[in-house]
Amino acid sequence: MNRSKNELRIGIFGGSFDPVHTGHVCLAQDAVKQAALDELIFVPAYIQPFKQDKKATASQHRFEMLRLAAEGEDKFKISSYELDHPGVSYTYLTLRYMKELYAKAAKQQGKELKIYFLCGTDSFLKLEYWKSAEELLTNYSFIIGSRPGYKQDELKETMNRIREKFGTESINIHNRLRDISATEIRELIAGGHSISEVVPLAVEKYIEDHELYR
């Protein structure tokens with residue numbers, strides 16, 4: 001896509017990443033390319049707001065698996081910001097922090113900072129109900145990963161409506177699809193099945209070495 005040379009474009013990708021899998025990696029790669037991002041930062045949650053009733057794998061394991069998955073990707077970064085703040089991880093607080101952090105770098109480069117939050121269609125459709133939604137929609141932009149035909153009319157209507165109401169920029173990318181979830185991967189491992197096709201090789205080895213999800 002076309003972009004101004006005077007922009008520093010930073011993408012934020014939050015989630016449990018329990019474990020990180022090829023679907024996450026492909027979505028991140030496609031977001032970097034199609035939204036012309038300078039960096040994409042994975043931010044593993046301490047506790048996701050919508051998963052407060054579920055126990056996540058220890059923070060250090062989820063962080064390390066992300067670090068392994070990001071090796072070789074120059075524009076991928078991993079942040080421990082939410083892991084360093086025990087409790088529920090709210091997106092508006094994370095984006096505030098990232099905006100402040102990268103504002104200095106943008107100023108030094110003489111560029112305008114643009115922060116994008118990467119999410120899927122279902123998450124974007126519910127954004128107006130998130131904590132401090134008005135702050136999110138007024139101050140940040142969004143990259144939406146979707147699959148062909150899935151809620152496309154509803155997504156387009158929502159993108160248009162929040163742009164008119166809040167001035168929100170949103171980019172709907174055409175990402176590669178990987179029909180796998182972290183829940184399914186955990187179930188495969190528990191059942192003694194191979195996960196070699198759905199997680200990066202280094203992540204698979206880490207899971208085996210640390211006997212995770214058994």
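Throughout, numbering of the chain's residues begins at 1 and tracks the sequence.
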Nearest-0.5 Å distance, [atom1] of residue [X] to [atom2] of residue [Y]:
X    : Y    : atom1 : atom2 : value
Y206 : L201 : OH    : CG    : 15.5 Å
I12  : Y81  : CD1   : OH    : 11.5 Å
I10  : I41  : CD1   : CD1   : 5.5 Å
L137 : R163 : CG    : CZ    : 13.0 Å
F42  : E73  : CZ    : CD    : 8.0 Å
I115 : S141 : CD1   : OG    : 9.0 Å

Between [X] and [Y], is there a donor-acceptor pair closer than 3.5 Å when you use the side chain of the first and the backbone of the second?
X    : Y    : value
R67  : I78  : no
H210 : L212 : no
N175 : S146 : yes
N172 : I144 : yes
S170 : F142 : no
K77  : D74  : yes
S181 : E184 : yes
D18  : T57  : yes
R62  : S16  : yes

Below 4.5 Å, heavy atoms only, C-beta onward: do [X] and [Y] meet side chain to side chain?
X    : Y    : value
V43  : M98  : yes
D122 : Y150 : yes
D153 : E157 : no
L136 : F117 : no
E71  : P200 : no
I189 : I207 : yes
L118 : L37  : no

Closest non-hydrogen atom pair, [X] against [Y]:
X    : Y    : result
L83  : Y46  : O-CD1, 3.7 Å
L40  : A28  : CD2-CB, 3.8 Å
H24  : P19  : CE1-O, 3.7 Å
W130 : K126 : CD1-O, 3.2 Å

Open item on the list: Test side chain to side chain contact (heavy atoms under 4.5 Å, CB included) on T94 and E82; report intermediate values, then the result.
Closed with: CA-CA 7 Å; T94 300; E82 292 184 357; 2.5 Å; yes
Task: Worked check of side chain to side chain contact (heavy atoms under 4.5 Å, CB included) between L125 and K151 - done: CA-CA 9 Å; L125 292 176; K151 297 185 178 180; 3.7 Å; yes
Task: Ion pair R96/E100, N-O distance below 4.0 Å - done: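 No, no charged N to carboxylate O under 4.0 Å.
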TODO: In plain terms, say whether R161 and E164 are close enough for a salt bridge, that is, a side-chain N and a carboxylate O under 4.0 Å apart.
DONE: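 Salt bridge between R161 and E164, a charged N being under 4.0 Å from a carboxylate O: no.
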TODO: Go through the steps to decide whether S196 and E204 satisfy the test side-chain hydrogen bond (donor to acceptor under 3.5 Å, both in side chains), and finish with yes or no.
DONE: CA-CA 7 Å; S196 59; E204 180 185 20; 4.6 Å; no
Open item on the list: Looking at Y140, I'd like to know if the NZ or CZ of K99 sits under 6.0 Å from its six-membered ring centre while staying within 45 degrees of the ring's axis.
Closed with: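 Yes; both conditions hold, so K99 lies above the ring face of Y140.
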Open item on the list: Using the rule given for side chain to side chain contact (heavy atoms under 4.5 Å, CB included), can you reason through H85 versus L93, listing the C-alpha separation, both sets of side-chain angles and the distance that settles it, and then say yes or no?
Closed with: CA-CA 11 Å; H85 293 77; L93 293 174; over 6 Å; no
Open item on the list: Evaluate V203 against M65 for side chain to side chain contact (heavy atoms under 4.5 Å, CB included), listing each step before the verdict.
Closed with: CA-CA 6 Å; V203 173; M65 286 187 284; 3.9 Å; yes
Using a 6.0 Å cut-off, check whether atom [atom1] of [X] has over 12 heavy atoms from anything other than its own residue.
X    : atom1 : answer
D84  : CG    : yes
D209 : CG    : yes
E134 : CD    : no

TODO: Evaluate the ring planes of F17 and F13, with Trp represented by its six-membered ring, and classify them as parallel (under 30°), tilted (30 to 60°) or perpendicular (over 60°).
DONE: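 Aromatic pair F17/F13 classed perpendicular.
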